[in-house]
Structure formats: structure tokens, C-alpha cells
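Working notes for the structure below.
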Amino acid sequence: EFFIIIKEDSEETEEATEKEEDEEKPQGLYLVDTKNFQVHQVIDSTGTYSHLNFNEDANLLSFIATHDKEDEEVKDYFLYLYNLETKELQKFDEGISGMPEDYVISQHFAPKFSKNSSKLYLGIAPKEIAKDSTFIEEDHAILDIWHYKDEYLQTQQLANLKKDLEKSYLSVIHLNQTGQLIRLADEQMNTVRLVDKGNADFVFGISDYGNRISKQWDVSGVYSYYNIDTKTGKKTELIKDLHGNAYLSPKGKNLVFFDRNTANWYSMDLASEKIIHLNKDLDVSFADEENDVPDTARPYPLVGWNEAETKVLLQDRYDIWSFNTANNPQAENITKAIGRKNTLKFSYIKLDDEADHIDLASKLILSAFNETNKESGYYELEIGKTPRRLLMEPMSGHRSLTKAKDANVYYYSHESFVIPPTLVSTKNLRTQHVLHRTNPQQKDYNWGTVELIHYTAGNGKPATGILFRPEDFDA
């Protein structure tokens, strides 16, 4: 309901009238109500304003600002919080309680509200040091020094220099106690992720600290995972030194992780910290069956959780499985092994970008690719039933499937060697209505053909390939 106007000082032109020179120009940050076009002043100070963000209810606004001149080498940045209902503007700087020594508000991190507006997450960073203006670079030798105990190779350090200089560490201010900052991330933490859109009382931390040197040859790496309390900043280790991948459910009820050393999936209930083996006694591999790199095989994708977060969906090479994350895993192949029987690779398509969970009571749309005949397209899945074929076409690409939010209408891009990229709409994923062809003039040209062929490779193994023939080729 609002849009933002930032007004800054500008130099007078020689043609300016005396009246214009005498007028006081507005400056600062303003909100315009799009219902009645009333202008509300947020702050009247000259400055540079960035990372403006409203909360879910659009009654709170946060932004980063500096009021220093443009040519100042080291600027002071502030975090502002504006209440649109009370018109109160709060300002936060390095003096806030809980700020580490020699740390300041980061200009490189966009503050964000939790979905319930109880917290404001921000970034902090080490205070920037002004360059020595007396130092003349041409008069000195400039060296890049690397030690074999450095956590990162020198080439990595140089490549990541700009990113490292702009690195921010996640912190939080609880809006019922705005005088206190809680630091959530530090130099040892690689990544910190919000849980339940920031509503949870903890965040999810990922760190390879202590294992960074070995990552120089063990590319997949070894990581530890943490629960970090947003009220105290206290870290609780959930998994130590995992050679694999760990995923937290959207609301933070359970943690599912894959151990690449054993090629197994596990689930941890965060309340009890009890771990169960999900794919125990299954004779299907959940690790890449075609792994051809000098590393342990990575897992096939984790698909998602149901609304209650009592079930998690995982993929093998062809099919999709459902596992209970409670005491009894109860594995169920929800695509009824149709994928493996027919060399069909199924993948779930998320059609609602705002959905955090999968509604297992609704019909699901799956993309499908047949490894044998190279057909691709879509299937429909109802839990408990055999997947139903909707659309499959040979050697064709079907991309960017999107569904209207309030109607049973889909659109996607379709193309092949003989069909130019074409945008189509459909109500049932069976019949198509062409919306736009990128190259309609192609129909006026004599075009080539394409054919799938099967042959025996030089090593004696069966192989398949695609044979492209030029126009009018008759051999």
C-alpha cells in the first residue's frame, strides 16, 4: 500500500531562479500511501538509504543508512526501524548492547523481519579500517603470502577477497527488547539459516571449521550442524563431522541427513535428539548410481515434507519414496516402482512458490524422463495410486511449468530440434494452446530431422545416441 521516495540534495544549476534558491528542498526518506497519496516523512536527514524492507503486515519498515559524505572513505552505517502506526523511528548503531567490540552495523546485509514480526535479523561486521594515505604502493613490494596450514588455498583467498571483505554475521534484535543485540554467527560458522521464516526460537548453523584444510582434496567436505538459540546465541551441536548433507524441516521439527560414507538417510527428532535409519533394509540405492567422480556418491534429492512434518519424501534414481520421521520409518514407494520398472526418472514439480510443505492429499505433478527412449513430459500422482501419464514426447524439452494461483491453468515452454521454443498453455497437461512461437518463420524453411539410434560402443557395451540429419538427406 506504500511506495518509497528518497530525496537527496543536488547542486544548483546556473539557470535556477532566485525563488528556487531560497526554497528549502525536501530531503530524506518518505512514504506515499497509494490509497490517498498522502506523503509521510520517515526521516529528514540527507544520506544514502538502502536495503529497505517492510514486515509481513507492512506496518514496520527497516533500512540501512549513512549520513556521511560520498567521499568519506570509511562511513558510519545505522539500522533504522520505523513504525508506520506510531510514527516512531528507532536508530541502532555500534553502541547497542551485545555488539562485539570493534564491530558495526553491516551495510552489505539486508535486514529482514521474521514472518510474525517478533524479530529483526541484521548483519554485523568488523569495523572497517581506513587506508594509510601516506602509503605509496609503487614504492613497496606487494606480496601474497600463503602458509600450508591456511584454511583456504591462496587462489581461493584471492578469488573470495571481495566477498570476504563484505562478509556479514547474522544477528537478531527482538522487537520487544530493542536495546539488545544477539549475535548468531561468527567466523567459524559458514552459513546460518532462518527457521520457520524466522519465527523459531533458533536458527540452523552449518560449519566446516576444523575440516577446511582437508577440503582442499576432499571436495565434498565434512560439516557440523548446530541449533543456535536466538534469545541467547548459545550453540548446541546436532551433528558432528558429517561427510554428507543435512536438511532441516521448514518449521524445525526434525533434521534429515545423508551420510555419504554409508550411503544412508537418517532422521533426527530435534526435541528428543533420537536418530532413526530411514532406508534400513531397503535394497534400493539412494546415492548416485552413476557416480563417476573421485569422491563418494552424492544423494538423490530430498523432495520435501508434509504439513505436519511427520513424513519426508526422498528420491532414488527413478522413484519417489515417503518415510515416516517418527519411530517407525515405514518406507513407501509412492510412485509404485513404475520409475525403475520403466527407466522413468520422476521428479516432483513445486507449483506454489510460497508453499513450504507438500500437500500429500492433493494431486502432485511430476516431471518424467525415460532413459531408454528419451521421452520427457509430465505425470500426475495421487498418493496410493499408480502415477498417471499426462504428456510424454520424444526428444523434447518441457520447461518452466507454472500454474495459475487461483485457476487450473498451466503454462510451460516446449521445444525440440524441429520445434522452436514455444510457450503453451493447458488446463489438463494433455491438450495445448500455443501462446507464442519464438521462430514462426521456421515453418518456411526446409529443416533437418532427428532420430534416436541404438548401437554397440567400442568397448562392446550397448549405447544410444541422437542422429541429426540435414535437410533432404536420403541416405
Side-chain angles (χ1 to χ4, degrees), residues 214-221 243-245 258-265 278-303 313-321 331 333-349 366-379 381 386-399 413-421 446-475:
S214 62
K215 197 174 180 181
Q216 295 173 17
W217 57 86
D218 182 9
V219 181
S220 54
H243 186 201
N245 312 75
F258 182 83
D259 186 339
R260 293 175 70 145
N261 292 328
T262 63
N264 287 317
W265 280 102
L278 293 177
N279 61 311
K280 184 178 181 181
D281 298 328
L282 293 181
D283 59 357
V284 174
S285 173
F286 287 86
D288 185 0
E289 295 179 18
E290 300 175 298
N291 181 54
D292 60 356
V293 298
D295 196 0
T296 52
R298 66 181 62 190
Y300 292 105
L302 183 149
V303 180
L313 303 188
L314 303 172
Q315 284 185 217
D316 67 21
R317 179 176 176 177
Y318 299 104
D319 292 293
I320 301 176
W321 296 72
N333 188 324
I334 61 174
T335 49
K336 304 299 181 183
I338 294 298
R340 189 166 292 273
K341 290 176 184 176
N342 298 279
T343 65
L344 273 172
K345 286 188 172 183
F346 286 121
S347 297
Y348 167 72
I349 300 178
L366 308 178
S367 68
F369 175 73
N370 190 307
E371 287 186 337
T372 302
N373 61 23
K374 312 306 177 188
E375 286 187 341
S376 67
Y378 303 110
Y379 273 67
L381 174 65
T386 301
R388 184 167 71 98
R389 174 175 170 146
L390 298 175
L391 170 69
M392 294 293 285
E393 294 180 309
M395 294 171 288
S396 297
H398 302 83
R399 302 174 182 173
S413 173
H414 175 217
E415 63 184 281
S416 71
F417 176 69
V418 296
I419 301 174
N446 188 7
W447 207 257
T449 59
V450 61
E451 177 187 355
L452 181 69
I453 60 172
H454 302 272
Y455 62 98
T456 301
N459 59 7
K461 295 183 179 180
T464 58
I466 296 178
L467 178 63
F468 295 89
R469 292 189 176 95
E471 65 276 12
D472 297 328
F473 185 81
D474 58 3

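Values in this document were obtained by computation on a predicted structure and should not be read as measured data.
Atom NZ of Lys280 sits in a sparse spot, with 12 or fewer heavy atoms from other residues, nucleotides or ligands closer than 6.0 Å. More than 12 heavy atoms of other residues, nucleotides or ligands sit less than 6.0 Å from atom CZ of Arg317.
Within the 4.5 Å cutoff, the side chain of His454 has no heavy atoms near those of the Pro462 side chain. Residues Arg340 and Val284 form a side-chain contact, since some pair of their non-hydrogen atoms from C-beta on lies under 4.5 Å apart. Counting only heavy atoms from C-beta outward, the side chains of Asp316 and Trp321 approach each other to under 4.5 Å. With a 4.5 Å cut-off on side-chain heavy atoms, Gln315 and Val303 count as touching. Tyr318 places a side-chain heavy atom less than 4.5 Å from the side chain of Lys345. With contacts defined as side-chain heavy-atom distances shorter than 4.5 Å, the pair Leu452/Pro394 does not qualify. Side chains of Lys374 and Ile466 form no contact here, defined as non-hydrogen atoms less than 4.5 Å apart.
In this structure, Glu375 CD and Thr343 OG1 are separated by 10.0 Å, a value rounded to the nearest 0.5 Å. We find the CD1-NZ distance between Ile334 and Lys336 to be 9.0 Å, quoted to the nearest 0.5 Å. Taken to the nearest 0.5 Å, the OG1 atom of Thr296 stands 7.5 Å off from the CG atom of Asn291.
Smallest separation of non-hydrogen atoms from Gly465 and Tyr455: N-CE2, 3.9 Å. Of all heavy-atom pairs between Asn245 and Pro299, the closest is OD1-CD, 3.5 Å. In plain terms, the two heavy atoms of Tyr378 and Ser367 that are nearest each other are CD2-CA, 4.1 Å. Ala463 approaches Ala457 most closely through the heavy-atom pair CB-CB, 4.3 Å. Across every non-hydrogen atom of Leu282 and Ala331, the tightest pair is CD1-CB, 3.9 Å.
If you look at Tyr379 and Phe346, their ring centroids are closer than 6.0 Å.
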Next item on the list: Decide side-chain contact (heavy atoms from CB on, under 4.5 Å) for Met395 and Val418; before the verdict, give the C-alpha distance in whole Å, the side-chain angles of both, and the deciding distance to 0.1 Å.
Entry: CA-CA 10 Å; Met395 294 171 288; Val418 296; over 6 Å; no
Item checked: Leu314 and Trp265: CA distance, side-chain angles, deciding distance, side-chain contact (heavy atoms from CB on, under 4.5 Å) verdict -> CA-CA 9 Å; Leu314 303 172; Trp265 280 102; 3.6 Å; yes
Next item on the list: Would you sort out whether Thr335 and Leu344 count as a side-chain contact (heavy atoms from CB on, under 4.5 Å), showing the intermediate values?
Entry: CA-CA 10 Å; Thr335 49; Leu344 273 172; over 6 Å; no
Notebook entry, point to check: Are Arg260 and Asp295 close enough, and set up right, to give a side-chain contact (heavy atoms from CB on, under 4.5 Å), and what steps lead you there?
Noted result: CA-CA 9 Å; Arg260 293 175 70 145; Asp295 196 0; 3.6 Å; yes
Note to self: If you apply the rule ring-ring contact (aromatic ring centres under 6.0 Å, His included), what do you find for Phe417 with Phe468, and how did you get there?
What the structure shows: CA-CA 9 Å; Phe417 176 69; Phe468 295 89; 5.0 Å; yes
Check: Can you check side chain to side chain donor-acceptor pair (under 3.5 Å) on Asn264 and Asp259, steps first, answer last?
Finding: CA-CA 6 Å; Asn264 287 317; Asp259 186 339; over 6 Å; no
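A donor-acceptor pair is defined here as one N or O able to donate and one able to accept, closer than 3.5 Å; such a pair exists between the side chain of Ser376 and the backbone of Ser396. Put simply, the side chain of Tyr300 never gets that close to the backbone of Asp319: no donor and acceptor are under 3.5 Å apart.
Using cut-offs of 30° and 60° for the angle between ring planes, the His414 and His398 rings count as parallel.
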